Asks: 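To start, I am sharing the structure in question, which I have written as structure tokens.
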Amino acid sequence: MRIKTTQDDTYLNRLTAAAPAPLVEKARAAEVLSGERRTATVLHLDVVGSTAIAELVGEETWASIMTEGYDRFAQAVYQYEGTIARLLGDALVAFFGAPVMHEDDPIRGIKAALDLVELAEDFKDEVKRDYGIDFRVRVCLNTGPVVTGPVSSNMRYDFTPVGGVVNLAARIKFAAKPMTILISENTYSFVSPVFECSDLGLIEVADRPEPVRVYQVLGLKTEPGSLRGLAGFESPMVGREKELASLINLCEAVQAGLGRVVVIRGEPGMGKSRLIKEWKTAILAKQAKPISSWVEGRSLSYGQGLAYHLIIDLLYSLMCIRQGVGESKAHQAWKGLLRDYFSEEQDYQDIYPYLGHLLSFELDQQAQDKVLSLDPQTLQARYTSALRSILTKMSNRQPMIIVLEDLHWADPSSIELLIKLLPMISSAPLLFCMISRVELDTPGWKLISSAREFFGGRITEISLDALSETESREMVSNLLEVEALPEKTRAMILQKSEGNPFFVEEVIRMLIDQGAIKQVNGDWVAGGNIEHIEIPDNLQGLLLARIDRLPDEVKHTLRVAAVIGRQFPVKVLELVLGGIE
Ligand SMILES: Nc1ncnc2c1ncn2[C@@H]1O[C@H](COP(=O)(O)OP(=O)(O)O)[C@@H](O)[C@H]1O
Ligand SMILES: [Mg+2]
């Protein structure tokens with residue numbers, strides 16, 4: 001690793017000063033956790049063979065290439081609300097998870113890494129053209145504990161890595177081919193359901209007594225798995241019978257030609273997505289041949305700043321393909337869908353260019369002319385009417401269920417458009433299923449409020465609350481599959497998880513990880529000191545992300561509480577709060 005120079009400081013100031021305002025605000029809100037141990041995903045980007053290149057082009061030219069490169073790379077980090085922790089000559093170190101924390105930081109880290117490599121590909125071509133040199137990077141990630149200090153007004157902070165987490169990210173780079181992404185086993189364990197990775201085996205790393213297993217990230221999985229749940233364990237859905245029955249009823253109404261809206265709300269982990277999955281399975285099982293079509297648009301946790309993100313996802317679902325299949329395949333599918341529903345050329349031409357533009361397809365000149373001459377407002381109106389036409393046509397042929405997942409993360413432009421589509425419910429067999437956490441100040445909640453205003457009591461509202469104690473017990477028994485679990489352990493799981501199915505799974509995961517329960521001859525037995533357990537990383541992320549939305553005073557208390565643990569003596573809390581203020 002290079003020695004830090006004053007030049008690095010100048011660069012770093014320039015980059016951190018460019019951090020977007022919402023990120024700065026979150027860093028400020030996380031201030032109270034400075035000095036606490038947090039789990040962060042550390043991203044290390046470095047330029048391959050930079051010393052030789054710098055000698056070739058001279059220090060000054062090299063400095064200007066790096067300034068430009070850093071400026072671009074920082075954007076990819078900020079896009080996913082990571083922060084830039086340090087620059088070291090030709091290397092950039094970014095953190096996802098500290099000081100700003102989300103429930104999916106390792107995923108964000110890898111997404112940023114994929115974007116970084118893409119940016120670097122473009123930059124490489126430009127640098128080759130302008131300077132005749134090869135500019136290539138490698139990106140490596142590791143996940144582990146760090147302690148960050150207070151964040152200054154221009155987003156600078158100090159940090160202390162624990163157990164060499166930052167060093168390891170830097171050291172595995174020697175096993176990385178240029179323009180690839182390498183991750184440690186720690187990071188892999190968080191992200192493997194979502195990204196295609198290849199196991200590169202064990203590598204020797206300086207200062208580490210044991211070899212380290214590394215993986216190369218190949219890209220997004222075409223069928224990403226769930227980040228929830230315990231590998232190897234699954235409980236059938238417990239409870240929720242009434243809710244499932246009411247969803248199935250709604251389906252029948254829509255199949256009879258009526259339009260409907262259902263809102264499913266509940267805290268993270270309460271089982272909103274699981275209920276939808278069970279509902280889908282139940283209706284598919286009932287239908288000999290499909291009598292309604294199912295489309296689904298999903299918002300992403302970092303999607304609020306991506307215009308029309310949710311609508312684009314919905315359009316891909318209409319085309320029955322996944323994003324990431326490549327422009328030509330997607331473009332083909334888009335034309336195919338429209339040709340199927342719009343036989344009149346004029347009707348086709350009223351839709352194809354506009355939504356084709358929204359989907360970022362390479363349009364022919366004629367289509368481009370149509371779109372580019374419009375002002376943004378007119379363009380938006382065209383998007384809306386085009387989408388309305390498609391949904392009308394499609395639902396005429398077959399009633400439609402439109403699932404809008406994780407609306408609490410939806411982007412405002414998609415929501416504006418969806419609000420304009422709501423009146424369609426009065427005349428078309430469409431069932432809008434709106435799924436959200438109760439977060440009243442999000443754009444997504446606006447859609448729910450508008451639907452309520454519009455349809456009043458005709459909306460079906462499903463609130464998913466905590467499971468009853470009997471239900472939680474049933475879930476624990478299903479997951480651990482034996483009745484012989486010590487009652488003390490069972491009680492602890494129930495108490496810690498508070499009827500939240502996700503918490504039930506996470507508490508069990510943590511007990512297994514920490515060896516507090518283990519399988520002996522097929523039976524679960526308590527081992528070690530079961531009382532001294534820590535909140536698992538996933539749960540901590542979820543709790544803190546949730547706490548970020550509360551008013552300041554409550555936030556302050558809860559943050560401290562969350563760090564101490566969900567169960568803690570009030571005295572400890574008082575002491576800590578007293579110590580901070
Ligand atoms: N009623 C239930 N019975 C059994 N497992 C459940 C139940 N509800 C949720 N789960 C499990 O708990 C985890 C969290 O549920 P999920 O649907 O992802 O929550 P949400 O979408 O509300 O955040 C998932 O692994 C899910 O399979
Ligand atoms: Mg969900």
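The structure displayed is predicted, hence computed values, not measured ones. In each ligand, atom 1 is the first atom listed, and ligand 1 is the first ligand listed.
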Asks: Only counting residues at least two apart or in another chain, list the ones meeting salt bridge (Lys or Arg N to Asp or Glu O under 4.0 Å) with Glu196.
Replies: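 Salt bridge (Lys or Arg N to Asp or Glu O under 4.0 Å) list for Glu196, sorted by chain: empty.
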
Asks: Between Pro501, Pro236, Gly271, flag the one that comes closest to atom 4 (C) of ligand 1 by a heavy atom.
Replies: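 Nearest heavy atom to atom 4 (C) of ligand 1 lies in Pro236.
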
Asks: Are any of the N or O atoms of Lys272 closer than 3.5 Å to those of ligand 1?
Replies: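 So ligand 1 has an N or O lying under 3.5 Å from an N or O of Lys272.
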
Asks: Does ligand 1 come near enough to Val238 that some N or O of the ligand is less than 3.5 Å from an N or O of the residue?
Replies: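 Yes; the residue has a nitrogen or oxygen that sits under 3.5 Å from a nitrogen or oxygen of the ligand.
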
Asks: Residue-level breakdown please: for Glu505 versus ligand 1, do any non-hydrogen atoms fall below 4.0 Å on the side chain, on the backbone, on both, or on neither?
Replies: side chain

Asks: Considering only heavy atoms from C-beta outward, does the side chain of Arg452 approach that of Glu461 to under 4.5 Å?
Replies: yes

Asks: So which bit of Pro268 gets within less than 4.0 Å of ligand 1, heavy atoms only: side chain, backbone, both or neither?
Replies: backbone

Asks: Are Met270 and Glu267 close enough that some pair of their side-chain heavy atoms sits under 4.5 Å apart?
Replies: yes

Asks: Is any N or O atom of Met475, backbone or side chain, closer than 3.5 Å to an N or O atom of ligand 1?
Replies: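 Met475 vs ligand 1: no N/O contact under 3.5 Å.
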
Asks: With a cut-off of 4.0 Å, which atoms of ligand 1 are near a heavy atom of Ser273?
Replies: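 Under 4.0 Å from Ser273, ligand 1 has these atoms: 17 (O), 21 (O).
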
Asks: Does NZ belonging to Lys221 count more than 12 external heavy atoms closer than 6.0 Å?
Replies: yes

Asks: Before we go on, tell me: are the rings of Tyr188 and Phe195 under 6.0 Å apart, centre to centre?
Replies: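 No, the ring centres sit 6.0 Å or more apart.
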
Asks: Considering the options Leu421, Leu431, Leu318, Leu391, which one meets the side chain to side chain contact (heavy atoms under 4.5 Å, CB included) requirement together with Ile402?
Replies: Leu391

Asks: Examine Leu467 against ligand 1 and note whether any of their N/O atoms are separated by less than 3.5 Å.
Replies: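 There is no such contact.
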
Asks: Which residue is it: Leu310, Ile264, Ile435, Val263? I am looking for the one with a side chain to side chain contact (heavy atoms under 4.5 Å, CB included) to Leu407.
Replies: Leu310

Asks: So is Gly269 close enough to ligand 1, meaning a heavy atom under 4.0 angstrom away?
Replies: yes

